[in-house]
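Below you'll find the structure, written out as structure tokens, and then a few comments.
Computed from a predicted model, the values in this text were never measured in an experiment.
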Amino acid sequence: MSSQQSSPPSATGAELIAATLKHQGVKVIFGIVGIPVIEVAEACIAAGIRFLAFRNEQSAAYAASAYGYLSGQPGVCLTVGGPGVIHALAGVANAKVNCWPMVLLAGSSDTDQVDMGAFQELDQVEACKPYCKYAARPAFVDKIPATVEKAMRAALFGRPGATYVDLPADFIQYKIKDHRFVDSYSKSVPALPAAAPKTLADPQSVAQAIGLLRQAKSPLIIVGKGAAYARAENEIRQFIDKTQIPFLPTPMAKGLISDTHPLCVAAARSKALKDADVVLLLGARLNWILHYGQSPRWSNSVKFIHVDVLPEEAGNNGADTLPLVGDIQAVVSQLLSQSPLPHVPATNAYVSGLLDKVKQNVAKSLASRKKAGADNAVMNYHSAYTVIKDILPPNDVVFVSEGANTMDIARSFFDVHEPRHRLDAGTFATMGVGMGYAIAGRESFFILMFDRTMTVCPHPGNPYYFNSKSHCFVAQEYYPSKRVVSIVGDSAFGFSAMELETAVRSKLPLIILVINNNGIYHGLDNEEFEQSRRDGTLPSTALLPDTRYDLLSTAFGGKGWLVKDRVQLAKALNEALAVKDNACVINVMIAPGGRTKLEFGWMKKSDEKAKI
Ligand code: ADP
Ligand code: MG
């Protein structure tokens with residue numbers, strides 16, 4: 001009898017990629033499959049990684065970028081090569097500009113067909129480089145773990161951003177003789193740590209910063225989405241409470257410290273910027289959102305103490321700056337350990353002036369909300385938002401907002417009380433992010449559980465049990481009232497509306513309020529639209545009047561409501577809140593606005609400035 005030595009089962013490059021991602025802690029991938037990455041996605045699913053299949057790579061990449069921001073771990077996006085990468089670049093650039101960690105993985109042509117006009121051929125490494133901190137193709141199959149590990153690390157460490165890994169078809173389909181190599185190769189590189197290493201600021205500069213704040217007559221703290229990303233809420237809240245320095249959040253930092261905190265001066269933003277003499281800038285850049293730190297929006301003599309992980313960010317646009325280079329959580333702890341700390345007395349005229357202004361502005365906006373008219377009156381932003389605000393649970397909503405007026409008005413209208421509970425068009429002012437962000441918001445709920453508990457017990461009996469296939473549903477069980485609510489303009493929604501199918505298929509109970517004014521910025525009513533179309537004078541901003549976005553949802557098996565007044569809106573929103581496993585679109589018709597002049601407050605150039 002001859003004993004036959006059977007050879008061990010083989011494996012594929014795709015399985016090695018999946019095992020590598022699993023070892024790096026990847027829990028979910030956003031993407032679209034096709035040849036050759038379908039094998040990668042299937043191997044990932046088999047390895048217990050959730051794969052969320054999108055309908056356009058743009059949305060998948062936006063979702064990955066937002067997931068990176070919300071979870072603090074790189075969001076991973078998987079696409080085909082060529083056009084797939086070109087579409088995904090929208091999200092890659094968005095991640096770069098917002099400083100969010102994400103890794104794009106894409107299939108590419110066989111290495112022996114390079115430059116031959118291969119299927120979907122593109123020099124993807126080169127195409128991604130301008131938007132990525134690291135972009136590479138592994139030298140060979142056995143180098144896949146090292147390249148992926150470097151891409152994950154580069155996305156997370158330092159200033160977060162996007163990275164790219166190219167996966168040639170012949171690497172994906174490569175036959176690995178012995179499947180045991182998959183395990184040993186994938187683990188031949190270190191796993192990504194739970195967070196980037198934290199760096200401290202120069203102690204002398206920390207002492208100097210405290211000195212500046214102590215001497216300041218009108219100090220201000222600005223918290224940005226970098227502080228939210230750094231999960232620095234506890235340290236910053238302590239610093240504000242101890243020093244009594246007023247603060248302002250940037251749009252996505254809303255909720256880091258509750259908007260209703262007594263020292264939040266968001267409702268007196270212009271005055272706060274203008275009056276501040278020393279500003280502690282925590283994770284926000286002096287870009288267009290903060291008017292470049294320049295006059296006339298800021299005082300000519302304002303001094304910034306800029307806390308950022310990236311050294312060269314300090315002093316941008318000529319700002320007079322004391323840099324504190326380091327991780328915000330760590331640096332604010334350093335500031336807290338100084339003694340004595342600055343303390344602004346309640347009698348300080350600057351603070352009481354700001355708080356008075358807050359009171360006045362809040363009263364003004366409350367008064368304008370009362371002018372809603374009869375129950376069946378045509379709605380406007382304010383009357384619609386009043387209904388929405390009254391119904392939504394205040395602490396349990398992750399807001400996603402995009403559009404022009406829809407987003408701008410919603411930003412000041414809705415208070416946010418929890419960190420990382422608001423996503424909008426961001427630093428790049430990207431339209432079309434809404435659906436991807438809403439889906440990422442849902443996916444990140446289980447990260448919220450980790451945030452709260454900091455422990456994960458791998459046991460199904462434990463409420464924090466993590467199971468890649470069902471974590472979404474587990475999360476919903478433990479956060480029954482937590483919902484993602486998107487408040488989006490009709491134009492913005494149009495960029496990614498097809499992702500409704502993704503949401504319905506994945507049973508994600510998103511609530512999408514499409515604030516529909518028939519156009520970009522504003523639209524026309526039916527009569528004016530028809531007349532303009534006949535005359536050939538249809539404005540570039542006009543979209544079809546009364547489009548039934550709600551029917552898009554029902555077409556996919558989701559829920560949809562068309563509402564034209566406040567009573568209908570309230571009823572629809574209450575019904576949507578009761579839906580636990582399906583996407584909901586409420587098509588909120590508001591007054592179209594007509595042919596009014598377009599004006600953007602934030603863009604206003606100063607006439608006072610001489611042109612040299
Ligand atoms: P906002 O849009 O809220 O004004 P920005 O995106 O302009 O915020 O700025 C965020 C800043 O936060 C970036 O300059 C980024 O380098 C910085 N940042 C990100 N993570 C950290 C961290 N952990 N510690 C310090 N700074 C960080
Ligand atoms: Mg519109």
Side-chain angles (χ1 to χ4, degrees), residues 368-394 397-411 413-414 434-435 438 481 483-494 496-497 499-500 503-504 508-527 529 542-594:
S368 75
R369 282 171 212 179
K370 293 215 175 91
K371 293 186 201 140
D375 278 354
N376 62 354
V378 174
M379 289 183 286
N380 57 29
Y381 291 105
H382 284 91
S383 61
Y385 287 177
T386 304
V387 173
I388 297 166
K389 189 173 179 171
D390 285 348
I391 293 175
L392 289 181
V397 168
V398 176
F399 283 105
V400 175
S401 192
E402 63 171 336
N405 296 325
T406 300
M407 179 176 79
D408 285 342
I409 299 171
R411 182 176 54 243
F413 204 96
F414 294 97
M435 284 304 296
S481 56
R483 293 300 284 265
V484 174
V485 176
S486 290
I487 300 177
V488 300
D490 50 333
S491 155
F493 180 63
S496 57
E499 301 303 341
L500 270 174
V504 173
L508 304 180
L510 314 176
I511 298 180
I512 299 144
L513 293 140
V514 181
I515 309 299
N516 189 352
N517 65 353
N518 303 343
I520 306 173
Y521 305 113
H522 42 63
L524 306 178
D525 61 28
N526 241 316
E527 204 177 313
F529 180 90
L543 299 172
L544 272 178
D546 306 331
T547 295
R548 295 294 305 273
Y549 297 107
D550 48 306
L551 296 183
L552 278 180
S553 180
T554 51
F556 297 125
K559 306 276 181 194
W561 293 262
L562 170 69
V563 301
K564 296 190 169 177
D565 63 37
R566 302 203 310 277
V567 176
Q568 292 174 1
L569 172 56
K571 183 168 179 287
L573 186 53
N574 278 316
E575 286 170 10
L577 280 166
V579 175
K580 297 297 181 211
D581 62 354
N582 207 346
C584 300
V585 171
I586 306 179
N587 187 3
V588 185
M589 298 305 307
I590 63 166

Taking [X] for the side chain and [Y] for the main chain, is one N or O donor matched with an acceptor at less than 3.5 Å?
X      : Y      : answer
Arg483 : Val398 : no
Ser486 : Ala438 : no
Lys389 : Phe413 : yes
Asn517 : Tyr521 : yes
Asn587 : Thr547 : yes

Given side-chain contact (heavy atoms from CB on, under 4.5 Å), test Ile515 with Val488 step by step and report yes or no. CA-CA 6 Å; Ile515 309 299; Val488 300; over 6 Å; no
TODO: Kindly assign one of parallel, tilted or perpendicular to the pair Phe399 and Phe414, based on the angle between their ring planes and the thresholds 30° and 60°.
DONE: tilted
By side-chain hydrogen bond (donor to acceptor under 3.5 Å, both in side chains), Asn518 pairs with (sequence neighbours left out) none
Taken in chain and number order and not counting sequence neighbours, the residues that satisfy side-chain hydrogen bond (donor to acceptor under 3.5 Å, both in side chains) with Asp490 are none
From [atom1] ([X]) to [atom2] ([Y]), nearest 0.5 Å:
X      : Y      : atom1 : atom2 : value
Met589 : Ile586 : CE    : CD1   : 14.0 Å
Ile409 : Tyr385 : CD1   : OH    : 6.0 Å
Asp408 : Tyr381 : CG    : OH    : 9.5 Å
Tyr549 : Leu562 : OH    : CG    : 12.0 Å
Asp525 : Asp546 : CG    : CG    : 9.0 Å

Per side chain to side chain contact (heavy atoms under 4.5 Å, CB included), Leu573 is matched among Asp390, Ile391, Val387 by Ile391
Exactly one of Val563, Thr406, Val588 clears side chain to side chain contact (heavy atoms under 4.5 Å, CB included) with Leu513, and that residue is Val588
Run the numbers on Phe493 and Ile512 for side-chain contact (heavy atoms from CB on, under 4.5 Å), then give the verdict.
CA-CA 9 Å; Phe493 180 63; Ile512 299 144; 3.9 Å; yes
What closest approach, in Å, do [X] and [Y] show between heavy atoms, and which atom pair accounts for it?
X      : Y      : result
Asn582 : Gly558 : OD1-CA, 3.5 Å
Phe556 : Leu552 : CD1-O, 3.1 Å
Pro592 : Leu524 : CB-C, 3.8 Å
Asp581 : Pro509 : N-CB, 4.0 Å
Met435 : Glu402 : N-OE2, 4.4 Å
Ser491 : Gly519 : CB-O, 4.2 Å

State, with a plain yes or no, whether a side-chain heavy atom of Val400 is found less than 4.5 Å away from one of Val484.
yes
NZ/Lys571: more than 12 non-hydrogen atoms of other groups inside 6.0 Å
no
Under the criterion side-chain contact (heavy atoms from CB on, under 4.5 Å), I'd like the reasoning laid out for Phe529 against Leu544: C-alpha separation, chi angles, the key distance, then a yes or no.
CA-CA 8 Å; Phe529 180 90; Leu544 272 178; 3.8 Å; yes
Fill in: Candidate pair Met379 and Arg566, rule side-chain contact (heavy atoms from CB on, under 4.5 Å), full reasoning
CA-CA 7 Å; Met379 289 183 286; Arg566 302 203 310 277; 4.0 Å; yes
Practice problem: Would you check if there is a donor-acceptor pair between the side chains of Asp565 and Asn376 at a distance under 3.5 Å? | Solution: no
task = Would you check if there is a donor-acceptor pair between the side chains of Ser553 and Asp550 at a distance under 3.5 Å?
result = no
Residues at least two apart in sequence or cross-chain that pass side chain to side chain contact (heavy atoms under 4.5 Å, CB included) with Leu551, listed by chain then number, are Arg548, Thr554
